[in-house]
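Take a look at the structure set out below.
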Amino acid sequence: MTLPVIFRRVLATTRTARWRRPEGRPFRLALMSGAAALALGATLLPAQTFAWGQAPATQTQSTGQSAAAAVGPQSFADVVERVKPAVVAIKTKALEAGGGPEEGFPGMPPELSPDDPLYRFFRHFGEPPGGRGRQKHMTQALGSGFVITADGYVVTNNHVVEHATQVEVTFDDGRTLPAKIVGTDKRTDLALLKINDGNNLPHVDWASSSPRIGDWVIAVGNPFGLGGTVTAGIVSARGRDIGAGPYDDFIQIDAPVNRGNSGGPSFDEHGQVIGVNTAIYSPSGGSVGIGFAIPSEVAKDVIAALKDKGQVARGWIGVSIQPITAEIAESLGLKTSKGALIAQPQRGGPAEAAGLKAGDVVTAVDGQKVDGPRDLARRIATLGPGKTAELTYLRNGSEKNVKLKLGKLPSEKETAAAESNDDGVEPGAALAAYGIEVAPAAEVRGGRGGEGLIIVGIDPNGAAAQKGLRQGDVIVEANGQTLKGRGDLQAAIDSAKKEGRKSVLLRVKSPEGARFVALSVNPAS
């Protein structure tokens with residue numbers, strides 16, 4: 001059995017009434033003198049010794065010769081000595097509700113269901129004095145941050161200070177000062193604090209250039225509340241998308257980061273900040289050498305906006321977009337999978353006003369090619385509201401251009417306009433090969449506006465289910481043609497076969513929004 005590996009954005013060490021060690025187990029410290037070299041990633045070579053950053057002597061070199069080329073610094077001590085005073089530990093306090101049924105009661109087994117008779121016993125006898133219902137309690141969290149100005153502006157993660165009612169920062173020399181939250185940005189998980197009465201404080205600068213894969217990286221932070229901890233590694237990858245938000249563009253590093261490192265800086269070998277540590281990839285919550293940092297080129301723009309206005313205003317065109325898979329590209333007759341497919345223009349948005357439609361593929365913004373949906377989202381967001389952008393897009397194989405004025409990205413998550421499906425569905429025509437039954441949405445209660453064909457029955461092991469279709473989804477179009485009757489879907493499939501296509505492209509609406517699905521014309525293959 002393999003252990004599950006999951007993303008964890010819980011690098012801030014959280015505690016309630018007392019500090020708890022990870023997993024509830026005590027720390028075990030052991031001396032590893034024999035394994036120390038291996039732990040640092042060095043290889044022991046027989047009959048040779050060499051300094052870190054110096055190549056080993058080759059057969060053509062005499063014993064007294066130095067290495068031909070340096071591959072890295074012999075020590076990070078000078079850099080660390082310069083930047084460490086600007087890295088702070090952050091402690092927050094928040095008053096949170098608790099004690100409700102979904103959170104359990106004192107002594108209640110975690111697996112106990114509300115339907116179990118014992119649940120009422122714990123609910124009655126486990127209640128704190130003063131009555132029933134949720135009881136508020138004080139929680140504490142520990143994270144990291146770094147000072148970027150002499151007057152005390154501090155960068156950290158949003159999830160470190162989210163819901164905080166009190167914030168304190170502790171410097172490497174032991175000073176603890178109160179701070180206030182200037183602004184937060186949940187979409188990039190960044191926050192800006194201001195130390196009260198900050199004056200002539202040690203601070204660090206953003207990097208002037210982006211790191212390359214293989215460059216050295218030094219992480220400094222407050223793991224497990226230990227404070228002032230330094231680790232080193234390299235940049236492992238760039239442009240990582242871990243599903244944390246719409247603007248994911250993380251730097252992957254192998255410098256060990258753990259709980260409590262959230263919001264701490266990653267430095268290059270010159271002592272400039274290249275990223276803000278925010279997440280790890282781990283089966284246990286501890287470092288396995290895969291950490292993620294928000295790039296400085298993203299962070300410094302967000303922080304500048306928070307300092308100026310307390311919030312970030314992003315550009316918005318009002319579309320739901322999705323990646324172009326190989327099957328979708330083939331269905332649309334595209335040569336590549338580059339670009340962003342518009343699944344649904346939002347009513348009243350700039351895209352709808354400019355004439356963009358579902359099925360259009362955006363390939364460039366202001367003449368610069370678009371790789372995919374996240375690339376498009378980042379570029380539009382960066383331009384900002386009120387700006388004019390020229391979009392290049394493909395429609396029915398023809399390239400077109402349109403200029404539109406960007407709106408402001410709404411601060412709240414958008415909700416799907418479609419209503420959830422009613423249980424009182426009627427049986428429809430069976431498409432046995434795909435494992436679905438469909439009926440005209442207009443004939444079904446809760447048919448979401450009467451547009452297209454609603455899936456009223458589905459085989460969970462069928463070809464349609466394997467593509468993510470579910471009962472209650474509405475198939476609005478097939479190969480760009482609106483579906484009205486039960487036979488329209490089969491006709492679209494037959495037409496795709498005659499044209500030699502491998503898939504039929506469906507436009508589907510669900511409670512989560514609109515999307516495109518490429519359904520194979522030969523479901524058994």
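Residue numbers count from 1 along this sequence. Here the structure is a predicted model, which is why all the values come from computation and not from measurement.
- Taking the side chain as every heavy atom from C-beta outward, Val508 and Phe516 never approach each other to under 4.5 Å.
- Residue Leu341 is tested with Leu332, Leu394, Val319, Asp360 for a side-chain contact (heavy atoms from CB on, under 4.5 Å); the sole match is Leu332.
- Shortest non-hydrogen contact noted between Leu519 and Ala463 is CD1-O, 4.3 Å.
- Looking at every heavy atom in both residues, Thr336 comes nearest to Ala329 through O-CB, 3.8 Å.
- Arg507 places a side-chain N or O within donor-acceptor distance of the main-chain N or O of Ala343, the cut-off being under 3.5 Å.
- Checked against ring-ring contact (aromatic ring centres under 6.0 Å, His included), Phe267 has no partners two or more places apart in sequence or in another chain.
- One distance of note links CG of Asp488 with CG of Leu453; it measures 6.5 Å at 0.5 Å rounding.
- For the pair Asp473 (side chain) and Ser510 (backbone), a donor-acceptor distance under 3.5 Å is absent.
- When side chains are defined from C-beta on, Leu193 does not count as touching Tyr153, because their heavy atoms never get closer than 4.5 Å.
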Exercise for review: In sequence, state the C-alpha distance, the side-chain angles, and the governing distance for Asp205 and Val273, and then conclude on side-chain contact (heavy atoms from CB on, under 4.5 Å).
Suggested key: CA-CA 6 Å; Asp205 298 319; Val273 179; over 6 Å; no
Practice item. In sequence, state the C-alpha distance, the side-chain angles, and the governing distance for Ile234 and Trp216, and then conclude on side-chain contact (heavy atoms from CB on, under 4.5 Å). Key: CA-CA 4 Å; Ile234 63 169; Trp216 287 109; 4.2 Å; yes
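- Thr165 places a side-chain N or O within 3.5 Å of a backbone atom of Lys93 that can act as its donor or acceptor partner.
- No donor-acceptor distance shorter than 3.5 angstrom exists from the side chain of Thr392 to the backbone of Asn401, with no hydrogens or angles considered.
- For the atom pair CG of Leu383 and CG of Asp366, the computed distance is 6.0 Å after rounding to the nearest 0.5 Å.
- To the nearest 0.5 Å, atoms CD (Gln252) and OG (Ser236) are separated by 5.0 Å.
- Ion pairing of Asp375 with Lys338 is absent here, as no side-chain N (NZ or NE/NH1/NH2) approaches a carboxylate O to less than 4.0 Å.
- Ion pairing between Glu352 and Lys357 fails under the 4.0 Å rule for side-chain N and carboxylate O.
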**Study point:** Step-by-step salt bridge (charged side-chain N to carboxylate O under 4.0 Å, His left out) determination, Arg314 to Asp185
**Key:** CA-CA 11 Å; Arg314 294 185 170 90; Asp185 182 50; 2.6 Å; yes
Review point. Lys509 and Glu477: salt bridge (charged side-chain N to carboxylate O under 4.0 Å, His left out), yes or no, with the steps?
Key: CA-CA 10 Å; Lys509 284 187 176 181; Glu477 296 176 358; over 6 Å; no
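- Taking CZ from Arg259 and CG from Asn222, the interatomic distance works out to 14.5 Å, rounded to the nearest 0.5 Å.
- Using a 4.5 Å cut-off on side-chain heavy atoms (C-beta onward), Phe292 and Ile251 make no contact.
- Of the possible polar contacts, none joining the Arg470 side chain to the Ile455 backbone as a donor-acceptor pair under 3.5 Å is found.
- How far NZ of Lys307 is from OG1 of Thr149: 5.0 Å, rounded to the nearest 0.5 Å.
- Geometrically, Lys400 does not engage Tyr393 in a cation-pi contact defined by less than 6.0 Å to the ring centre and at most 45° from the axis.
- Side-chain contact check for Gln166 and Thr92: no donor-acceptor pair (N or O, by modelled atom type) lies under 3.5 Å.
- Heavy atoms only, all atoms of each residue included: Ala299 and Val276 are closest at CB-CG2, 4.1 Å.
- Here the shortest heavy-atom pairing between Ile458 and Gln471 reads CG2-N, 3.9 Å.
- Between the side chain of Tyr434 and the backbone N or O of Ser520, at least one donor-acceptor pair lies under 3.5 Å.
- Across every non-hydrogen atom of Leu483 and Ala478, the tightest pair is CD2-CB, 3.9 Å.
- Sorted by first and then second residue, the side chain to side chain donor-acceptor pair (under 3.5 Å) pairs with a member in residues 325-334 read Glu327-Lys467; sequence neighbours excluded.
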Point to revise | salt bridge (charged side-chain N to carboxylate O under 4.0 Å, His left out) between Lys405 and Glu390, intermediate numbers included | key: CA-CA 9 Å; Lys405 185 177 181 180; Glu390 183 178 23; over 6 Å; no
Practice item. List the steps and the verdict of salt bridge (charged side-chain N to carboxylate O under 4.0 Å, His left out) for Asp241 and Arg374. Key: CA-CA 9 Å; Asp241 174 8; Arg374 292 186 183 277; 2.5 Å; yes
Practice item. Begin with the C-alpha distance, continue with both residues' side-chain angles, and end with the deciding distance and a verdict on side-chain contact (heavy atoms from CB on, under 4.5 Å) for Thr184 and Leu190. Key: CA-CA 6 Å; Thr184 62; Leu190 287 167; over 6 Å; no
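- Side-chain contact, Gln322 with Arg515: no donor N or O sits under 3.5 Å from an acceptor N or O.
- The main-chain N or O of Ala293 is never found under 3.5 Å from a side-chain atom of Asn277 such that the two would form a donor-acceptor pair.
- By the 4.5 Å heavy-atom criterion applied to side chains, Val204 and Val147 are not counted as neighbours.
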Point to revise | Audit row: Ser398, Asn396, side-chain hydrogen bond (donor to acceptor under 3.5 Å, both in side chains) steps and yes/no | key: CA-CA 6 Å; Ser398 299; Asn396 299 326; over 6 Å; no
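- Judged by distance alone, the side chains of Asn258 and Ser287 never bring a donor and an acceptor atom under 3.5 Å apart.
- In plain terms, the two heavy atoms of Ile181 and Val161 that are nearest each other are CD1-O, 3.7 Å.
- In this structure, Leu404 CG and Leu356 CG are separated by 6.5 Å, a value rounded to the nearest 0.5 Å.
- Side-chain contact between Leu506 and Leu489 is present, with at least one heavy-atom pair separated by less than 4.5 Å.
- A donor atom on one side chain and an acceptor atom on the other are not found under 3.5 Å apart for Ser144 and Asn261.
- Ile342 has its side chain within reach of Val362: a pair of non-hydrogen atoms, C-beta onward, lies under 4.5 Å apart.
- In this structure, the side chain of Thr382 engages the main chain of Arg378 through a donor-acceptor pair within 3.5 Å.
- Summarising the local packing, NZ of Lys502 is surrounded by 12 or fewer heavy atoms from other residues, nucleotides or ligands at distances under 6.0 Å.
- Proximity of a side-chain donor or acceptor of Asp215 to a complementary backbone N or O of Arg212 within less than 3.5 Å is detected.
- Contact check for Val167 versus Lys91: no side-chain heavy atoms found under the 4.5 Å cut-off.
- Pro295 places a side-chain heavy atom less than 4.5 Å from the side chain of Arg238.
- Using modelled atom types, one side-chain atom of Asp189 and one backbone atom of His159 make a donor-acceptor pair closer than 3.5 Å.
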